[in-house]
Number of protein chains: 2
Amino acid sequence: MRLTSKGRYAVTAMLDLAFHSQLKPVTLIDIAARQTISLSYLEQLFARLRRANLVKGVRGPGGGYSLCGDAHNISIAEIVAAVGERIDSTKCGGEANCQKTHECLTHDLWMDLGDHVKSYLEKITLADLLAKNRVQEVAERQDQHAQQTIEIHNHADLMHTLQ
Amino acid sequence: MRLTSKGRYAVTAMLDLAFHSQLKPVTLIDIAARQTISLSYLEQLFARLRRANLVKGVRGPGGGYSLCGDAHNISIAEIVAAVGERIDSTKCGGEANCQKTHECLTHDLWMDLGDHVKSYLEKITLADLLAKNRVQEVAERQDQHAQQTIEIHNHADLMHTLQ
DNA sequence: ACTTAACCCAGTAAGTTAGTCAACTATTAC
DNA sequence: GTAATAGTTGACTAACTTACTGGGTTAAGT
């Protein structure tokens with residue numbers, strides 16, 4: 001089992017998408033700024049998410065990414081799997097050949113743990129997370145902060161053109 | 001969350017110990033042979049297990065390792081924690097400062113997942129695993145195979161001294 | 001003394017993570 | 001048509017971890 005920043009970034013970005021892409025596509029630049037994730041790294045993750053048919057990209061001005069389908073139908077397990085994070089903890093990957101031809105002493109333990117975690121993450125959808133108060137609060141805080149950043153940025157641009 | 005061979009080896013070795021160290025200490029050489037784990041790597045893991053007071057070592061001939069206390073009181077979570085595997089999946093380690101001063105969008109999700117897995121592993125003890133039929137079967141198979149290996153080894157030694 | 005086996009420490013090849021950089025393509029707006 | 005936007009692709013890399021090897025020291029039994 002290996003659940004690192006890769007999966008965390010992917011789920012966070014997808015949740016940001018679910019929150020902001022109701023009306024129009026969201027650019028990775030915006031997501032990167034709001035969630036403080038490297039843009040280039042996000043691009044790599046979204047390449048995988050696109051291949052897994054979880055998001056669709058729209059090119060050109062006004063483009064960006066939107067969810068493929070409804071937030072109710074996208075589970076955390078799917079997102080995590082799409083970017084290649086292994087939930088399984090066995091050595092053999094479920095093949096039961098962890099000790100040469102046979103299973104190892106703890107094979108069943110790790111199988112059970114893997115199943116447990118998998119079903120836990122399968123039961124949680126993006127819509128479930130979106131419905132939580134805490135998530136709404138954090139998202140709104142991030143929007144405000146991002147708005148401020150844009151204003152500072154515009155101000156800097158203005159000062160620059162005036163000089 | 002990161003559950004790799006390190007934790008798997010540690011739990012497997014501890015289970016082997018629980019199975020074999022009823023009468024006298026078990027050497028790491030035996031465990032390494034039965035569970036096909038590198039001896040030197042096992043030594044490193046047992047250094048940590050010893051520091052965590054999960055096993056005690058006895059030096060000299062007839063020495064080896066035994067469990068500290070009863071198998072009913074040693075949980076998988078303790079073993080995994082002793083060798084330094086993080087069950088937590090958050091960026092911040094529970095500090096809720098994943099995004100500079102505040103929590104990130106998915107902080108609660110990873111906290112809940114971590115708690116879930118932790119309590120799952122806390123509820124399973126070495127004695128629980130030992131009671132399972134499958135575990136008994138695998139352990140007995142390993143004992144037979146190890147016995148064969150010793151016989152082959154002795155035979156080779158005999159042939160060597162005869163020459 | 002000699003053997004056994006725990007104990008300790010330094011080093012290391014291979015793999016992964018998280019990231020950068022650079023180029024290319026499709027789409028829209030002017 | 002041309003510039004700007006934004007997705008798409010691929011090569012490359014510093015830092016880190018894992019799993020492992022090897023060499024040595026110390027304590028205990030025979």
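Residue numbers begin at 1 in each chain, while the letters A, B, ... track the order of the sequences.
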* **Between A:Thr12 and B:Thr106, a side-chain donor and acceptor under 3.5 Å** => yes
* To do: Give, ordered by number, those residues of residues 39-58 of chain A having at least one heavy-atom distance below 4.0 Å to an atom of DNA chain C; if nothing qualifies, reply none.
  => A:Ser40, A:Tyr41, A:Gln44
* Please state how far atom OH in B:Tyr65 lies from atom P in C:dA5, giving the value in whole angstrom units. => 13 Å
* Asked: Does any non-hydrogen side-chain atom of A:Arg8 lie less than 4.5 Å from one of B:Leu105?
  -> no
* Spacing between A:Arg59 atom CZ and C:dT27 atom P, to the nearest angstrom -> 7 Å
* Tell me, please, which residues at least two apart from A:Phe19 pass ring-ring contact (aromatic ring centres under 6.0 Å, His included). => none
* **Parallel, tilted or perpendicular, as decided by the 30° and 60° cut-offs, for the rings of A:Tyr41 and A:Tyr9** => perpendicular
* Provide, to the nearest angstrom, the distance between the NZ atom belonging to A:Lys24 and the P atom belonging to C:dT28. => 14 Å
* Asked: If only atom types and distance count, is the side chain of B:Asp128 paired as donor or acceptor with the main-chain N or O of B:Thr125 below 3.5 Å?
  -> yes
* Test item: A:Arg2 side-chain N/O and B:Leu3 main-chain N/O as donor-acceptor pair under 3.5 Å -> no
* Can you tell me how far P of D:dC16 sits from CZ of A:Arg2, to the nearest Å? -> 16 Å
* Asked: Which of residues 3-23 of chain A sit near DNA chain D, with a heavy atom under 4.0 Å from it?
  -> none
* Sorted by first residue and then second, give each salt bridge (charged side-chain N to carboxylate O under 4.0 Å, His left out) pair with at least one member in residues 131-146 of chain B; sequence neighbours left out. => A:Glu103-B:Arg134, A:Asp108-B:Arg134
* **Rounded distance (Å) that lies between atom C1' of D:dA6 and atom CD1 of A:Ile29** => 7 Å
* Structure fact -> Between A:Ile37 and A:Gly60, the residue closer to the 5' end of DNA chain C by nearest nucleotide is A:Ile37
* Asked: D:dT17 C1' sits how many Å from B:Arg86 CZ, rounded?
  -> 14 Å
* **Atom-pair distance (CG on A:Leu28; P on D:dT9), nearest Å** => 13 Å
* **Sequence-distant partners of A:Cys92, side-chain contact (heavy atoms from CB on, under 4.5 Å), two or more places apart** => A:Thr90, A:Glu95, A:Asn97, A:Cys98, A:His107
* Structure fact -> What residues 96-106 of chain B contributes to the DNA chain D interface at heavy-atom separation below 4.0 Å is none
* To do: Please check if any side-chain donor atom of A:Asp16 sits under 3.5 Å from a side-chain acceptor atom of A:His20, or the reverse.
  => yes
* Donor-acceptor contact present, side-chain B:Ser75 to main-chain B:Glu78, <3.5 Å -> yes
* A:Glu85 has an atom CD; how far is it from atom C1' of C:dT16, in whole Å? -> 11 Å
* To do: Decide if atom NZ of B:Lys56 counts as having more than 12 heavy atoms of other residues, nucleotides or ligands within a radius under 6.0 Å.
  => yes
